[in-house]
Asks: 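Below are the structure tokens for one structure; questions will follow.
Letters A, B, ... are given to chains in the order of the sequence lines, protein chains preceding strands, and every chain is numbered from 1. The structure displayed is predicted, hence computed values, not measured ones.
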2 protein chains.
Amino acid sequence: MARIKTENNLSRKDVIVSKAAALFREKGFKAASMRDLAESVGVEAASLYNHIKSKTELLHELCFSVANRFLHKMDEVEAEHATAIEKIEKLLRFHISEMIHHYEEVYVSDREWKHLSDPYLSNFQNQRRIYRKRFAAIIETGMRNSEIKKIDAPTAVLIMLHAISGIESWHRSTQKISAEELEENMISILVGGLIHR
Amino acid sequence: MARIKTENNLSRKDVIVSKAAALFREKGFKAASMRDLAESVGVEAASLYNHIKSKTELLHELCFSVANRFLHKMDEVEAEHATAIEKIEKLLRFHISEMIHHYEEVYVSDREWKHLSDPYLSNFQNQRRIYRKRFAAIIETGMRNSEIKKIDAPTAVLIMLHAISGIESWHRSTQKISAEELEENMISILVGGLIHR
DNA sequence: GCTTGCCCCTAACATCCGTTAGTATATTAT
DNA sequence: ATAATATACTAACGGATGTTAGGGGCAAGC
């Protein structure tokens with residue numbers, strides 16, 4: 001009988017969630033079937049239900065674990081004594097690093113959250129909206145003390161966050177520059193676009 | 001019997017394709033069913049097949065009509081006598097305008113092309129890759145004559161294109177700034193991030 | 001060595017999916 | 001008016017989907 005292999009101190013559920021992230025990223029939530037997932041885990045579809053409640057639960061876990069990491073980082077950055085530009089740079093570097101090292105989860109959380117169902121859906125949307133507001137508030141602070149040029153802050157936030165999701169293409173590309181180079185290039189262009197001169 | 005209403009000189013197929021764009025955008029290609037589409041068109045599901053060959057055909061039409069518009073614009077811009085920055089600005093303004101005025105189609109083409117099947121899939125990927133190469137080439141020209149700061153051109157392209165797809169959030173937002181303001185803000189940030197000072 | 005609890009299996013379910021067949025009705029051309 | 005064509009309908013198909021039921025084996029604790 002094929003048992004789910006666990007390494008370190010990951011639970012079997014953790015293994016399933018992680019394989020689900022890869023699968024949802026590759027095919028999309030709707031197109032990825034529980035039988036696909038079972039195969040990638042090395043088990044029959046029905047067996048998954050010894051560890052999880054439903055397919056949607058997998059999406060919950062992915063979306064909210066990602067969202068929580070970003071909200072936690074926002075708490076941290078807001079509490080620091082630093083210029084607006086420094087704060088923004090820190091947030092962006094965190095986004096970039098998350099997108100590079102936890103590609104699958106972050107991507108799924110970004111693109112597949114629509115398939116959440118209430119109350120999770122509205123909850124997630126709320127967290128997202130709040131996060132963006134806080135991000136925009138930092139930008140506005142930077143505009144008030146002339147670090148940042150006069151722009152519409154929500155628009156700037158939307159540009160930053162979506163630009164970073166472009167790292168998806170970097171992952172797929174065959175002739176990648178290094179992760180460090182990628183990060184420096186992105187920071188240079190994005191922060192460079194904000195600075196007041 | 002409920003007939004599909006056509007206006008101007010749109011064919012019934014055009015009506016279906018356009019409704020499909022809205023539906024695919026809202027729910028995603030896989031999650032949108034032909035019965036959903038039929039309802040939004042005002043007809044029974046089976047009746048759609050008097051006008052289209054398959055669900056996938058709808059996706060083909062959407063993806064390639066969008067891709068063709070962008071490739072055509074690229075031809076036009078490349079042929080112009082203008083600085084690299086001017087060319088990039090023109091391309092970006094076109095992207096922004098397309099995303100504002102043909103939101104649904106562009107969005108679907110951007111996010112749902114994975115569900116194309118070969119040979120359409122590889123064809124589409126090819127067109128996309130070529131487009132990005134041409135975009136990167138313009139940036140590299142701009143770097144050679146010092147209009148643009150030293151960056152990795154493919155990374156810059158990926159930032160630009162993904163940033164613009166953020167207009168999705170603008171469409172959903174309740175308190176929108178005007179389309180003109182949005183465009184000027186985006187150009188200011190994105191082009192500002194490239195310029196060599 | 002026996003029991004307990006965890007884990008996996010096979011089988012099956014109800015439902016939804018894209019699509020086809022066959023038929024009826026509405027529109028257009030003669 | 002009649003014939004031809006376009007377009008709609010109902011019914012049904014085969015297959016995929018998420019999930020449940022029920023039974024059996026494996027490992028740990030006594």
Asks: For E26(A), check side chain to side chain donor-acceptor pair (under 3.5 Å) against everything at least two apart and list the hits.
Replies: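 Once residues adjacent in sequence are excluded, E26(A) has no partner under the side chain to side chain donor-acceptor pair (under 3.5 Å) criterion.
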Asks: Side chain of S33(A): nearest nucleotide among dC9(D), dG18(D), dC8(C)?
Replies: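 Of the candidates, dG18(D) comes closest.
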Asks: Under the salt bridge (charged side-chain N to carboxylate O under 4.0 Å, His left out) rule, collect the residues that match up with K13(A), sequence neighbours excluded.
Replies: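 K13(A) satisfies salt bridge (charged side-chain N to carboxylate O under 4.0 Å, His left out) with E57(A), E61(A) only.
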Asks: Could you check which of dG18(C), dA8(D), dC8(C) has an atom nearest any side-chain atom of V43(A)?
Replies: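 The answer is dC8(C), which lies nearest to the side chain.
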Asks: By the 4.0 Å heavy-atom rule, please label A38(A) as base, sugar-phosphate, or nothing.
Replies: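 No contact.
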Asks: Going by ring pair (Phe, Tyr, Trp, His ring centres under 6.0 Å), name the pairs with one or both residues in residues 143-176 of chain B, residues two or more places apart or in two chains.
Replies: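 Counting only pairs at least two positions apart or across chains, the ring pair (Phe, Tyr, Trp, His ring centres under 6.0 Å) contacts touching residues 143-176 of chain B are Y103(B)-H171(B).
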Asks: Can you sort out the partners of D110(A) under side chain to side chain contact (heavy atoms under 4.5 Å, CB included), two or more places apart, ordered by chain and number?
Replies: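 Partners of D110(A) under the side chain to side chain contact (heavy atoms under 4.5 Å, CB included) test: R128(A), S165(A).
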Asks: In this structure, how many angstroms lie between the P atom of dA8(D) and the CG atom of L48(B), rounded?
Replies: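 Rounded to the whole Å, the gap is 9 Å.
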Asks: Using side chain to side chain contact (heavy atoms under 4.5 Å, CB included) as the criterion, list what pairs up with A153(A), not counting sequence neighbours.
Replies: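 Here the qualifying residues are A136(A), I139(A), E140(A).
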Asks: Looking at S47(B), I'd like to know whether one of its side-chain N or O atoms comes within less than 4.0 Å of OP1 or OP2 on dT7(D).
Replies: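 Answer is no, no contact under 4.0 Å.
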Asks: Side-chain contact test, heavy atoms from C-beta onward, threshold under 4.5 Å: evaluate it for I96(A) versus I187(A) and give yes or no.
Replies: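 Yes, their side chains come closer than 4.5 Å.
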Asks: For residues 112-119 of chain A, which residues have at least one heavy atom under 4.0 Å from DNA chain C?
Replies: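 Going residue by residue through residues 112-119 of chain A, none turns out to have a heavy atom under 4.0 Å of DNA chain C.
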Asks: L58(A) CG to dG18(D) P: how many Å, rounded?
Replies: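 Rounding to the nearest Å, CG of L58(A) and P of dG18(D) are 11 Å apart.
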Asks: Give the rounded distance in Å between these two atoms: CD of E44(A) and C1' of dC7(C).
Replies: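 Rounded to whole Å, this separation is 13 Å.
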Asks: For E39(B) and dC9(D), give me the distance from atom CD to atom C1', rounded to whole Å.
Replies: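 It works out to 16 Å between those atoms.
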Asks: Would you compute the distance between atom NE2 of H115(A) and atom CZ of F29(A) and round it to the nearest 0.5 angstrom?
Replies: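 Reported value, rounded in 0.5 Å steps: 7.5 Å.
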Asks: Categorize A32(A) for me: base, sugar-phosphate, or nothing, with a 4.0 angstrom heavy-atom threshold over every strand shown.
Replies: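 Answer is sugar-phosphate: A32(A) comes under 4.0 Å of backbone atoms only.
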Asks: In chain order, what residues pass the side chain to side chain contact (heavy atoms under 4.5 Å, CB included) check against N126(A), with sequence neighbours excluded?
Replies: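 With sequence neighbours excluded, N126(A) shows a side chain to side chain contact (heavy atoms under 4.5 Å, CB included) to R129(A), given in chain and number order.
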Asks: Among all residues two or more places apart in sequence or in another chain, which pass the ring pair (Phe, Tyr, Trp, His ring centres under 6.0 Å) test with F70(B)?
Replies: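 By the ring pair (Phe, Tyr, Trp, His ring centres under 6.0 Å) rule, F70(B) matches F94(B), H95(B).
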Asks: Nearest whole angstrom, please: distance from the C1' of dC7(C) to the NZ of K13(A).
Replies: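 My rounded result for the distance is 16 Å.
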Asks: Report all interatomic pairs (protein N or O, nucleotide N or O of nucleotides 19-22 of chain C) with separations under 3.5 Å.
Replies:
from    : atom 1 : to     : atom 2 : distance (Å)
dT19(C) : OP2    : Y49(B) : OH     : 2.5
dT19(C) : OP2    : K55(B) : N      : 2.8
dT19(C) : O5'    : Y49(B) : OH     : 3.3

Asks: Using atom NZ of K30(A) as one end and atom C1' of dT17(D) as the other, report the distance to the nearest whole Å.
Replies: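 That distance rounds to 9 Å.
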Asks: Check whether any side-chain N or O of H51(A) sits under 4.0 Å from OP1 or OP2 of dC6(C), and answer yes or no.
Replies: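 Answer is no, no contact under 4.0 Å.
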Asks: Determine whether a donor-acceptor pair (one donor, one acceptor, N or O, separation below 3.5 Å) exists between the side chain of N50(B) and the base of dA8(D).
Replies: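 Yes, a donor-acceptor pair under 3.5 Å.
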